[in-house]
Amino acid sequence: DQQVKQNSPSLSVQEGRISILNCDYTNSMFDYFLWYKKYPAEGPTFLISISSIKDKNEDGRFTVFLNKSAKHLSLHIVPSQPGDSAVYFCAASSGAGSYQLTFGKGTKLSVIP
Amino acid sequence: EAGVTQFPSHSVIEKGQTVTLRCDPISGHDNLYWYRRVMGKEIKFLLHFVKESKQDESGMPNNRFLAERTGGTYSTLKVQPAELEDSGVYFCASSRHPLTDTQYFGPGTRLTVL
């Protein structure tokens with residue numbers, strides 16, 4: 001049973017427009033959420049995170065929104081650039097004695113010039 | 001500062017053989033994690049070391065997998081004997097503090113069992 005779900009395997013966006021990547025989770029114990037970006041043949045690279053006590057965190061072109069009642073988070077990239085093309089993974093942890101990350105399957109973002 | 005390094009980058013072995021993967025975490029990072037991604041599936045947690053101690057090994061698939069971190073520096077993950085379903089990419093990650101610090105990932109080792 002998947003506790004973190006990324007229902008869109010892929011997304012194509014025009015350069016300069018907004019990219020919105022979505023993630024849903026089922027485990028109410030998750031209290032820390034992260035987005036990682038992954039290029040082929042490389043490991044996941046940390047992008048941005050958010051604690052459950054917040055509903056928004058912004059870092060440059062990247063903003064993560066958390067809706068705890070809906071158990072949903074999203075990553076907004078504005079404006080999208082061709083270099084943003086990669087696979088984006090949503091991850092969560094509960095921090096309740098175990099710090100393992102639970103990942104979604106990823107969404108492949110293609111930014112078209 | 002050097003990142004997390006993993007060796008080898010690729011390994012192709014036959015079913016029944018033994019393979020040992022190595023991970024060197026970022027210097028000063030006491031926390032070391034192993035994850036695995038089987039093709040088409042999500043990245044899954046295997047285990048977590050704090051220094052040389054296993055903090056959480058709930059994700060280890062079975063007793064064919066043995067992880068060690070002698071001296072609290074680098075870690076090895078041995079698969080013996082390897083089975084076809086062990087094929088995938090094995091990632092290592094490290095962090096300073098498990099709760100507040102980001103986990104930084106290595107490039108992974110792609111293991112193919114024939």
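Here is the naming used below: chain letters follow the sequence lines, and residue numbers restart at 1 for every chain.
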- Item | Atom group of B/Arg110 that falls short of 4.5 Å from chain A, counting heavy atoms | neither

- Item | CZ on A/Phe103 to NZ on B/Lys44, rounded to 0.5 Å | 13.0 Å

- So which part of A/Phe89 gets closer than 4.5 Å to some heavy atom of chain B, the side chain, the backbone, both or neither? side chain

- Item | Within 6.0 angstrom of A/Arg17 CZ, more than 12 heavy atoms from elsewhere | no

- Flag yes if A/Leu109 and A/Leu73 sit in one hydrophobic cluster, no otherwise; membership is Ile, Leu, Val, Met, Phe, Trp, Tyr, and two members link when side-chain heavy atoms are under 4.5 Å apart. yes

- Same cluster or not: are A/Tyr36 and A/Tyr25 linked, directly or through other Ile, Leu, Val, Met, Phe, Trp or Tyr residues, by side-chain heavy atoms under 4.5 angstrom apart? no

- Item | side chain to side chain contact (heavy atoms under 4.5 Å, CB included) evaluation trace for B/Ser58 with A/Gln100 | CA-CA 10 Å; B/Ser58 61; A/Gln100 58 176 276; 3.4 Å; yes

- Message: Atom NZ of residue position A/Lys68 - does it have more than 12 heavy atoms of other residues, nucleotides or ligands inside 6.0 Å?
- Response: yes

- Return yes when atom CZ of A/Phe65 has more than 12 non-hydrogen atoms of other residues, nucleotides or ligands closer than 6.0 Å, and no otherwise. yes

- Item | Minimum heavy-atom distance B/Gly106-A/Pro44, with the two atoms named | O-CD, 4.5 Å

- Do B/Tyr104 and B/Tyr90 belong to the same hydrophobic cluster, where Ile, Leu, Val, Met, Phe, Trp and Tyr are linked whenever their side-chain heavy atoms lie under 4.5 Å apart, directly or via other members? no

- Message: Need one label for A/Ala91: side chain, backbone, both or neither, based on atoms under 4.5 Å from any heavy atom in chain B.
- Response: neither

- Query: What pair of heavy atoms forms the shortest contact from A/Lys105 to B/Glu42, and how long is it?
  - Reply: CE-OE1, 3.6 Å

- Side-chain donor/acceptor of B/Tyr35 to backbone N/O of A/Leu101, under 3.5 Å: yes

